[in-house]
Engineer: 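Provided herewith is a single structure, encoded as structure tokens, for subsequent inquiry.
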Amino acid sequence: MRTSELWVPTLRETPAEAEVVSHKLLLRAGFIRKTVAGIYTYLPLGRRVLAKLEQIIREEMDRAGGQELVLPIVQPAEIWQESGRWEVYGEEMFRLQDRHGRHFCLGPTHEEIITFIVRNEVNSYKQLPLLLYQIQNKYRDERRPRFGLLRAREFIMKDLYSFDRDQKGLKESYQKMYQAYSRIFGRCGLKFRAVQADSGAIGGDYSHEFMALAAVGEAVIVYCRQCDYAANIEIAAANTVEHDFVAETMLPIKEVSTPEQKTVAEVCAFLGVRPDKLIKTMLYEADGQLIAALIRGDRELNEFKLQKQLGCRELYLADQDKVKMITGAPAGYIGPVGLKGIPLYADLEVPYLVNAIAGANREGYHLQNVNPGRDFIPDAVFDLRQVEAGEPCPHCGSPLEKAEGIEVGQIFQLGTKYSEPLGATYTDEQGQERPIVMGCYDIGVSRTMAAAVEQCHDERGIIWPLSIAPYQVVINPSSIREHEQYRTAETLYHELLNLGVEVVFDDRDERAGMKFVEADLIGYPLRLTVGKRTLVQGTVDVKWRHEQQETTLPREGLAERIKEMLTMEMEKYR
RNA sequence: CGGGGCGUAGCUCAGUUUGGCUAGAGCGCUACCUUGGGGUGGUAGAGGCCGCUGGUUCAAGUCCAGUCGCUCCGACCA
């Protein structure tokens with residue numbers, strides 16, 4: 001492709017709407033444009049990257065025994081009503097009606113529709129297992145689309161669904177997908193980690209998320225360097241209660257004045273104690289019901305765990321008025337002692353505290369020598385706290401690392417969650433009718449594109465991994481008005497084309513510097529420069545985008561040499 | 001959904017506080033000259049429903065009300 005014909009509208013300045021680096025660079029380098037909030041147009045370069053990603057995904061899905069199909073985007077309400085999710089999905093679902101007033105939605109996910117088709121067509125154990133996938137636009141009317149492609153309302157996803165006879169078959173399908181996913185993200189050149197995850201609204205019992213490690217990750221994960229333990233922090237178990245408390249004699253409870261001392265840090269400084277001596281009490285509203293959560297002062301509460309334990313849909317900190325009404329004191333002075341009328345839920349560490357500090361439920365006062373069991377009794381004790389970096393791994397005891405990640409894929413074992421309500425059954429060898437056992441396996445394709453940019457860039461622009469770059473090579477004659485340079489560059493261009501290299505020929509009448517800057521912004525992996533000096537030497541300058549150093553290679557046999565270099569570089573992405 | 005910010009040229013943004021002539025700059029774009037290995041320098045030009053609707057006023061980009069959109073923080077999130 002000649003750049004004089006290639007449509008790449010680059011921007012010198014960053015549009016004000018972009019916050020994260022992938023969004024900024026994909027806009028500036030001419031890969032995407034926003035149409036409305038959370039909905040993007042993929043320009044030619046962006047589409048090429050998507051095509052590369054999709055191709056890698058297809059190859060690995062097919063290798064694992066998957067078969068591609070295409071499911072409808074516009075889906076009838078009836079099948080969603082059958083599964084019960086027409087109501088559950090709420091406002092996140094794009095809904096529409098046809099001219100007859102029939103209700104439809106734009107598919108946010110495709111469990112229902114695939115189960116619908118399979119239930120009609122699959123009847124016998126002989127037809128199982130079945131692995132079906134598609135790469136398709138999905139629609140979720142996010143409350144808050146943001147971060148460009150990372151949280152969009154229209155996005156591209158690969159979703160594969162597995163249909164097995166039993167749990168054993170499902171485990172095998174799940175394993176296949178786990179391995180396929182590892183290969184896919186490896187081939188895309190991503191630094192990633194598979195972590196244990198919650199299965200969320202999709203349902204099911206067992207799940208892994210594939211996290212691309214990145215500075216802007218929306219998710220936080222913990223992982224062990226010594227063993228393979230890795231989990232989303234939402235579910236990472238804090239199951240190691242440290243018994244590092246000193247065996248003290250319980251002292252009589254005592255109220256102390258702590259004017260204007262509200263935060264853990266303030267109270268500690270004021271009373272001269274360590275934060276792990278405090279009991280932090282937080283009032284939450286869980287589906288409209290007030291509850292108190294107790295946690296050691298030096299710990300962070302994990303709201304996800306609390307919500308899961310309570311089994312509530314909505315959970316948020318109670319507002320000041322409610323706090324005052326229930327405890328008689330403003331936030332900062334709440335404590336479990338004498339707190340009546342609402343349930344007390346304590347973290348596992350709380351019962352181990354002796355002579356602790358807690359709010360007195362009276363403005364400006366705290367209690368000293370509070371002893372759980374003596375001064376208050378929690379209604380329930382369970383794991384409520386956020387795991388921190390450095391804590392021992394629950395498997396091997398080595399210190400855990402913490403990292404941020406972008407969820408680029410997730411795999412679920414659905415079991416019969418959809419096959420039962422939707423009546424997707426088969427007849428086994430004994431003539432018995434059984435529900436099909438399902439799994440589902442997502443990859444956010446467009447999000448993966450953004451995740452790659454988050455990982456692979458520098459201050460000048462994108463640095464595409466060779467496997468997913470829109471083009472592999474750019475040829476840059478430093479001046480096309482120098483006839484010899486132009487001819488040499490153009491000949492090289494044709495040679496590379498003939499060798500099947502994806503190459504761009506920058507034939508525009510622009511300054512060399514401008515073309516360099518633009519090539520760096522776009523992120524072509526390999527750049528060849530034909531200039532005045534090298535021309536007389538019979539050489540060409542060759543530079544990898546991911547390396548600092550430029551090398552000079554003889555013009556003679558260069559195309560073959562480049563082809564070899566590319567083949568070798570591709571070895572990294574296998 | 002709660003809270004904050006912003007809508008003026010393709011992009012980045014002045015101008016709005018204190019209403020007043022023909023609405024500005026830089027970048028980008030067009031033409032020409034210059035330059036030619038890291039967004040070269042210059043000359044000339046094109047480009048605006050000042051988000052939209054209504055109101056106040058002799059007069060509104062500027063004040064008021066409503067509305068739409070974008071964005072940030074939080075909540076939420078297969």
Side-chain angles (χ1 to χ4, degrees), chain A residues 9-20 23-24 27-28 30 33-39 85 88-93 107-112 138-148 150-153 155 157-159 161 197-204 207 209-210 218-219 232 234 284-285 303-304 307 312-317 319 407-412 414 417-418 440-444 447 459-461 476-482 485-486 506 508-521 527-535 540-541 543 550 552:
Chain A
T10 60
L11 300 171
R12 194 185 278 239
E13 285 174 282
T14 304
E17 71 200 40
E19 198 63 22
V20 299
H23 193 194
K24 289 179 182 171
L27 285 170
R28 280 194 57 210
R33 285 293 182 266
K34 185 179 71 181
T35 302
V36 293
I39 298 180
R85 290 209 292 181
V88 175
Y89 239 100
E91 300 210 302
E92 204 168 302
M93 190 182 252
T109 175
H110 286 66
E111 283 84 8
E112 277 79 1
K138 305 242 172 177
Y139 296 84
R140 291 185 196 168
D141 194 0
E142 293 283 349
R143 284 181 183 181
R144 188 181 163 198
R146 59 179 144 175
F147 302 147
L150 288 174
R151 180 162 293 290
R153 296 196 292 174
F155 54 100
M157 179 170 277
K158 184 284 306 180
D159 45 326
Y161 301 90
D198 182 71
S199 50
I202 282 260
S207 179
E209 285 166 338
F210 286 75
E218 286 187 274
N232 191 313
E234 289 177 341
Y284 276 91
E285 222 172 305
E303 292 188 0
F304 193 87
Q307 183 169 13
C312 61
R313 264 187 71 72
E314 281 199 321
L315 182 74
Y316 46 89
L317 276 169
D319 60 44
E407 183 199 329
V408 286
Q410 185 166 12
I411 57 180
F412 304 85
L414 298 175
K417 176 173 168 134
Y418 296 96
C440 112
Y441 315 86
D442 299 333
I443 291 178
R447 177 183 275 191
E459 62 291 342
R460 296 200 304 267
N476 191 352
S478 57
S479 171
I480 66 159
R481 296 190 194 173
E482 300 288 333
Q485 284 181 34
Y486 183 84
D506 200 338
R508 293 171 300 171
D509 183 14
E510 296 287 353
R511 293 176 63 84
M514 182 273 185
K515 293 200 274 194
F516 286 145
V517 168
E518 198 162 89
D520 284 349
L521 176 63
R527 187 184 77 198
L528 311 181
T529 309
V530 178
K532 195 186 287 179
R533 287 191 290 279
T534 52
L535 191 64
V540 171
D541 285 326
K543 184 177 175 303
E550 190 164 50
T552 302

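Just so it is clear: chains get the letters A, B, ... in the order the sequence lines come, proteins before strands, and each one is counted from 1. No experiment lies behind these values; they were computed from the predicted model shown.
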Engineer: Going by atom types only, do A/Y161 and A/D159 share a side-chain donor-acceptor pair under 3.5 Å?
Structural biologist: yes

Engineer: Roughly how far, to the nearest 0.5 Å, is CG of A/L27 from CZ of A/R33?
Structural biologist: 6.0 Å

Engineer: Checking side chain to side chain donor-acceptor pair (under 3.5 Å) between A/N232 and each of A/Q410, A/E407, A/E209, which is the one that passes?
Structural biologist: A/E209

Engineer: In whole Å, I'd like the distance from the CZ atom of A/F147 to the P atom of B/rC76.
Structural biologist: 15 Å

Engineer: In terms of the nearest nucleotide of RNA chain B, which residue is placed more toward the 5' end: A/K34 or A/R144?
Structural biologist: A/K34

Engineer: Roughly, in whole Å, what's the span from CG in A/L150 to C1' in B/rC76?
Structural biologist: 17 Å

Engineer: Whom does B/rU35 pair with, Watson-Crick or G-U wobble, provided both distances fall under 3.5 Å?
Structural biologist: none

Engineer: To the nearest Å, how far apart are A/H23 NE2 and B/rC70 P?
Structural biologist: 12 Å

Engineer: Once you apply the 3.5 Å cut-off to both distances, tell me the Watson-Crick or G-U wobble partner of B/rC6, or none.
Structural biologist: B/rG69

Engineer: Is there a side-chain contact between A/D509 and A/R481 in this structure, where contact means two heavy atoms from C-beta onward sitting under 4.5 Å apart?
Structural biologist: yes

Engineer: When you compare B/rC63 with B/rC50, how far apart are their P atoms, in angstrom units rounded to a whole number?
Structural biologist: 16 Å

Engineer: With rounding to the closest Å, how many angstrom separate the P atoms on B/rG5 and B/rA65?
Structural biologist: 14 Å

Engineer: Using a cut-off of 4.0 Å on non-hydrogen atoms, how would the nucleic acid contact of A/F304 be classed: base, sugar-phosphate, or nothing?
Structural biologist: nothing

Engineer: For atom C1', what is the distance between B/rG15 and B/rA75, given to the nearest Å?
Structural biologist: 38 Å

Engineer: Considering only side-chain heavy atoms of A/A16, which listed nucleotide, B/rC70, B/rC76, B/rU12, is closest?
Structural biologist: B/rU12

Engineer: In this structure, how many angstroms lie between the P atom of B/rC76 and the CD atom of A/E285, rounded?
Structural biologist: 13 Å

Engineer: Over how many whole Å does the gap from A/E19 atom CD to B/rU71 atom C1' extend?
Structural biologist: 8 Å

Engineer: Nearest 0.5 Å, what's the CG-CZ distance between A/D506 and A/F516?
Structural biologist: 9.5 Å

Engineer: Just how far, in rounded Å, is C1' of B/rG3 from CZ of A/R143?
Structural biologist: 15 Å

Engineer: Using atom CD of A/E17 as one end and atom P of B/rG10 as the other, report the distance to the nearest whole Å.
Structural biologist: 15 Å

Engineer: Within the 4.0 Å limit for protein heavy atoms, which parts of nucleotides 28-40 of chain B are touched? Write it as a string from 5' to 3', B for base, S for sugar-phosphate only, - for none.
Structural biologist: S------BBBBBB

Engineer: Heavy-atom nearest nucleotide on RNA chain B for A/E218 versus A/P15: which residue maps closer to 5'?
Structural biologist: A/P15

Engineer: Please state how far atom CD in A/E407 lies from atom C1' in B/rC77, giving the value in whole angstrom units.
Structural biologist: 9 Å

Engineer: Does the structure show a Watson-Crick or G-U wobble partner for B/rG45, both distances under 3.5 Å? Name it, or say none.
Structural biologist: B/rC29

Engineer: With a 4.0 Å cut-off on heavy atoms, is A/K138 in touch with a base, just the backbone sugar-phosphate, or nothing at all?
Structural biologist: nothing

Engineer: Is there a donor-acceptor pair closer than 3.5 Å between any side-chain N or O of A/E550 and the backbone N or O of A/D541?
Structural biologist: no

Engineer: Both distances under 3.5 Å, Watson-Crick or G-U wobble: report the partner of B/rU62, or none.
Structural biologist: none

Engineer: Answer yes or no: is there a side-chain heavy-atom contact under 4.5 Å between A/R85 and A/M93?
Structural biologist: no

Engineer: Distance between the P atoms of B/rU34 and B/rU22, in whole angstroms?
Structural biologist: 41 Å

